[in-house]
Amino acid sequence: MSQTIINGDMYCTGGLSSKTFTAPSGSISDDAIASNAKIKATKLIHQLPLRYSTSTSSAAVTATELLHIAKATGEIASIEVCATTAPTSSDQFTVDLQKGNSSTAFTSVLSSAVTVTSSHSDREVVAGTISSADYSADDIFQIVVTVSGSSTEGILVVVNLHEQAQ
């Protein structure tokens, strides 16, 4: 079938329909998609906020908690830590984010564990530095919290993942 080539802009005041359409790469941006468009979840990158928290009314304790089993490939976007009652004097706590799977042991994905000490304020958000952001389907994430002393209460850890559609 022959093609008609138009060299220049074209404006259509009515509807435009076709049997097929191939948009040039990069030509459809976020602004071009209607806010009420019903795009299937299988076509999106999912932002997953993983959350770990302890009681705000009793001393935090050392713990290891499983957080997530990845359903698809993705990347760790961020990790943030705070405590409603920050450590005092020489007390402190650390948070490590670890990744593993059926064939590899859990290992840290951070440059170093996030450390919160008495130099931090109550509810001060402390960001961690991610050294190994990429992950695969079936990778498992866990949080390792190590508490020194008894003055810390209400630890909150939020890990944000950007996971591909399945």
Side-chain angles (χ1 to χ4, degrees), residues 1-54 56 64-84 86 93-104 106-116 119-145 154-166:
M1 176 192 315
S2 66
Q3 293 182 337
T4 300
I5 298 174
I6 300 170
N7 292 316
D9 294 340
M10 187 171 130
Y11 178 78
C12 176
T13 60
L16 178 65
S17 62
S18 65
K19 187 173 181 180
T20 63
F21 174 74
T22 304
S25 178
S27 66
I28 299 176
S29 68
D30 186 59
D31 291 340
I33 300 170
S35 62
N36 62 348
K38 295 181 178 176
I39 299 172
K40 293 182 178 184
T42 56
K43 296 181 180 179
L44 302 174
I45 295 175
H46 303 282
Q47 181 165 321
L48 306 172
L50 310 180
R51 184 177 171 270
Y52 167 83
S53 63
T54 66
T56 59
T64 299
E65 295 286 333
L66 296 171
L67 285 180
H68 181 69
I69 300 172
K71 296 293 181 193
T73 60
E75 69 176 6
I76 304 161
S78 65
I79 179 171
E80 296 176 317
V81 177
C82 72
T84 56
F93 71 94
T94 61
V95 175
D96 193 13
L97 176 62
Q98 299 179 343
K99 175 183 76 172
N101 57 42
S102 62
S103 60
T104 60
F106 282 106
T107 57
S108 182
V109 297
L110 303 178
S111 296
S112 62
V114 181
T115 302
V116 179
S119 68
H120 294 94
S121 304
D122 292 352
R123 296 172 303 284
E124 180 180 345
V125 177
V126 181
T129 302
I130 299 160
S131 61
S132 179
D134 295 337
Y135 63 88
S136 302
D138 298 325
D139 278 349
I140 301 167
F141 292 96
Q142 73 177 8
I143 287 286
V144 178
V145 178
I155 294 174
L156 174 62
V157 180
V158 178
V159 177
N160 284 297
L161 304 180
H162 294 167
E163 196 162 291
Q164 298 295 319
Q166 299 177 36

Check [X] against [Y] and note the closest heavy-atom contact, atom names and distance.
{"X": "Leu156", "Y": "Ser53", "answer": "CD1-CB, 4.0 Å"}
{"X": "Glu163", "Y": "Ala72", "answer": "OE2-N, 3.5 Å"}
{"X": "Leu44", "Y": "Lys40", "answer": "CG-O, 3.7 Å"}
{"X": "Phe106", "Y": "Gly100", "answer": "CD2-N, 3.5 Å"}
{"X": "Gly15", "Y": "Cys12", "answer": "O-SG, 3.7 Å"}
{"X": "Ile28", "Y": "Ala32", "answer": "CG2-CB, 4.1 Å"}

Sidechain-backbone polar pair: [X] side chain, [Y] backbone, donor-acceptor under 3.5 Å:
{"X": "His120", "Y": "Ala83", "answer": "no"}
{"X": "Thr73", "Y": "Ser136", "answer": "no"}
{"X": "Gln166", "Y": "Lys71", "answer": "no"}

State the [atom1]-[atom2] distance between [X] and [Y], to the nearest 0.5 angstrom.
{"X": "Leu48", "Y": "Ile76", "atom1": "CG", "atom2": "CD1", "value": "12.0 Å"}
{"X": "Leu161", "Y": "His46", "atom1": "CG", "atom2": "NE2", "value": "12.0 Å"}
{"X": "Glu75", "Y": "Gln164", "atom1": "CD", "atom2": "CD", "value": "8.5 Å"}
{"X": "Ile69", "Y": "Asn101", "atom1": "CD1", "atom2": "CG", "value": "11.0 Å"}
{"X": "Phe21", "Y": "Leu16", "atom1": "CZ", "atom2": "CG", "value": "8.0 Å"}
{"X": "Asp134", "Y": "His162", "atom1": "CG", "atom2": "NE2", "value": "12.5 Å"}

Report yes if the side chains of Tyr52 and Val95 come closer than 4.5 Å at any heavy-atom pair, otherwise no.
-> no
How far apart are the C-alpha atoms of Leu110 and Ile130, what are their side-chain angles, what is the distance that settles it, and do they pass the side chain to side chain contact (heavy atoms under 4.5 Å, CB included) test?
-> CA-CA 4 Å; Leu110 303 178; Ile130 299 160; 4.1 Å; yes
Stepwise side chain to side chain contact (heavy atoms under 4.5 Å, CB included) test for Ile143 and Leu97 = CA-CA 5 Å; Ile143 287 286; Leu97 176 62; 3.9 Å; yes
Give the intermediate values and the outcome of side chain to side chain contact (heavy atoms under 4.5 Å, CB included) for residues Phe93 and Ile155.
-> CA-CA 9 Å; Phe93 71 94; Ile155 294 174; 3.7 Å; yes
